[in-house]
Amino acid sequence: MEVVKESEPNTTTMRKALLVINCIILSIGNCAGPLMMRLYFIHGGKRVWFSSWLETGGWPIILFPIACAHFYRSRTQPRSENKLFFMKPQLFIAAAVIGILTGLDDYLYAYGVARLPVSTSSLIIASQLAFTAGFAFVLVKQKFTSYSINAVFLLTIGSGVLAMHTSSDRPANESNREYVLGFLMTVGASALYGFILPLVELTYKKAKQEISYALVMEIQMVMCLFATGVCTIGMLVNNDFKVIPREAREYELGETKYYIVAICSAMIWQCFFLGAIGVIFCASSLLSGIIIAVLLPVTEILAVIFYNESFHAEKGVALALSLWGFLSYFYGEIKQSKENKPALETEMASVPNRQESV
């Protein structure tokens with residue numbers, strides 16, 4: 001029974017470390033992804049399906065960590081238990097369906113970014129947290145504490161504060177119809193991804209096999225593969241493959257930088273998707289949504305620095321509210337873990353006593 005006592009803290013420590021790593025990966029993708037996509041559009045890029053394709057088109061990158069995990073297991077596990085892929089058919093189908101939904105979400109989001117400035121599109125995407133919280137409650141029976149409710153409230157209010165100044169960020173020479181359609185598309189993307197995050201968590205819970213981080217990477221790869229398939233069909237219908245070479249030659253930053261922007265965008269978006277489902281694996285879909293929302297003001301500030309978008313008092317207030325909500329959530333988590341720890345220690349201590357009585 002001593003082995004159980006020692007392995008439990010080790011497992012908890014590893015999961016916390018993995019959570020931190022995935023939070024960092026998600027932060028990089030969440031902040032840099034919209035900026036790279038906007039960079040494509042403001043310098044002459046016009047292909048929405050191609051831009052949405054770049055969000056998941058970098059999925060082959062995931063093969064590298066999967067292969068590394070396989071080689072590591074080959075040194076530590078019997079050959080009969082060491083497989084390159086662990087995903088069973090039922091889980092594969094679930095990941096494929098989520099991937100198709102992700103492909104549709106990619107298009108909605110890319111369309112919004114093409115029509116709206118980064119600050120406005122990021123503001124709308126922040127409403128995703130409310131959708132995530134609602135769907136998490138329905139799909140995975142997410143339990144809310146006063147601290148998590150406070151966090152959702154503050155982050156939502158922060159987004160509302162930003163809405164007070166969105167009219168000043170409206171791009172020049174853009175029709176009212178295009179602006180409104182971009183707004184509606186981005187709202188749709190926010191709602192759909194707010195549904196996808198809890199759906200991933202539900203898939204983990206309903207999977208008839210043990211979910212490891214190696215399996216999480218496989219799920220990520222399958223999701224992005226099918227999402228890329230949806231966007232590829234859109235590109236074929238829209239004749240994007242024929243237009244891309246000409247668009248690259250006419251790109252304001254030059255043809256070489258056009259392809260550099262595309263490649264970097266594909267790599268950065270993989271950070272976002274892997275980080276998002278990694279956080280769900282280590283914690284919950286609600287936390288993943290909270291991290292995405294709390295990074296909104298950071299993306300706003302980066303847009304001000306790199307694209308000279310306006311910075312006003314509302315953005316500073318939104319940043320303060322976001323940080324307050326973020327700290328509120330984690331304070332509640334730390335407090336709850338301290339309350340649960342004595343009960344866990346009591347349960348573990350009772351196991352040897354039961355064994356002796358037998």
Side-chain angles (χ1 to χ4, degrees), residues 11 14-15 18-19 22 25-26 29 52-108 132 135-136 138-142 192-236 266 269-286 288-289:
T11 302
M14 285 295 295
R15 184 169 285 262
L18 198 58
L19 175 61
N22 279 277
I25 295 174
L26 175 58
S52 60
W53 186 92
L54 291 175
E55 291 184 60
T56 54
W59 64 266
I61 298 173
I62 302 297
L63 288 170
F64 177 72
I66 289 176
C68 290
H70 171 71
F71 287 127
Y72 173 78
R73 290 193 302 269
S74 66
R75 296 174 177 269
T76 58
Q77 295 181 2
R79 187 173 299 274
S80 60
E81 298 178 8
N82 183 27
K83 302 177 182 178
L84 181 59
F85 297 107
F86 292 98
M87 187 178 297
K88 294 182 178 180
Q90 183 180 4
L91 189 57
F92 177 86
I93 293 172
V97 171
I98 297 174
I100 293 172
L101 293 176
T102 301
L104 297 175
D105 182 75
D106 289 346
Y107 177 76
L108 294 174
T132 302
F135 285 122
V138 174
L139 295 178
V140 296
K141 312 302 179 186
Q142 173 71 47
L192 182 54
Y193 203 67
F195 173 69
I196 288 173
L197 290 177
L199 190 60
V200 171
E201 185 175 358
L202 180 65
T203 301
Y204 291 163
K205 292 180 180 294
K206 297 295 184 180
K208 295 181 179 180
Q209 62 182 113
E210 182 182 356
I211 302 295
S212 63
Y213 194 72
L215 189 55
V216 168
M217 290 190 291
E218 292 180 31
I219 294 172
Q220 157 74 1
M221 185 182 69
V222 173
M223 285 172 54
C224 288
L225 172 62
F226 277 84
T228 303
V230 171
C231 296
T232 301
I233 294 172
M235 289 180 67
L236 289 171
W269 279 116
Q270 283 303 299
C271 292
F272 171 81
F273 286 107
L274 181 59
I277 69 170
V279 170
I280 295 173
F281 167 72
C282 298
S284 66
S285 56
L286 179 62
S288 187

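Count residues from 1 along the sequence.
- In plain terms, the two heavy atoms of L197 and A276 that are nearest each other are CD2-CB, 4.3 Å.
- Pairs engaging residues 220-234 under the side-chain hydrogen bond (donor to acceptor under 3.5 Å, both in side chains) rule: W53-T232, T56-T228, Q220-Q270 [sequence neighbours left out].
- Formation of a donor-acceptor pair under 3.5 Å by the T203 side chain with backbone atoms of L199 is found in this model.
- Separating the CH2 atom in W269 from the CG atom in L274 is a distance of 14.5 Å, to the nearest 0.5 Å.
- With rounding to the nearest 0.5 Å, the separation of CG in L192 from CG in L104 is 7.0 Å.
- Across G194 and F135, no two heavy atoms sit closer than the pair O-CD1, 3.6 Å.
- Atom SG of C231 and atom CD of E55 lie 7.0 Å apart (nearest 0.5 Å).
- Across P198 and L139, no two heavy atoms sit closer than the pair CB-CD1, 4.0 Å.
- Taking CD1 of I211 as the start and OH of Y204 as the end, the distance is 7.0 Å to the nearest 0.5 Å.
- Here the straight-line distance linking atom CZ of F64 with atom CD1 of I66 works out to 12.0 Å at 0.5 Å rounding.
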Evaluation steps, side-chain contact (heavy atoms from CB on, under 4.5 Å), between S288 and L26: CA-CA 9 Å; S288 187; L26 175 58; 4.2 Å; yes
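- Listed by chain and number, the residues in a ring pair (Phe, Tyr, Trp, His ring centres under 6.0 Å) with Y193 are F272 (sequence neighbours excluded).
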Could you list the donor-acceptor pairs under 3.5 angstrom formed by side chains in residues 86-101, with sequence neighbours left out?
none

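- Counting all heavy atoms, side chain and backbone alike, S285 lies closest to E201 at OG-OE1, 2.6 Å.
- Identified under the side-chain hydrogen bond (donor to acceptor under 3.5 Å, both in side chains) test for residues 97-107, with sequence neighbours left out: none.
- Shown here are the side chain to side chain contact (heavy atoms under 4.5 Å, CB included) partners of C282, two or more places apart in sequence or in another chain: R15, L18, L19, N22.
- Remark: M217 CE to S212 OG distance equals 8.0 Å, nearest 0.5 Å.
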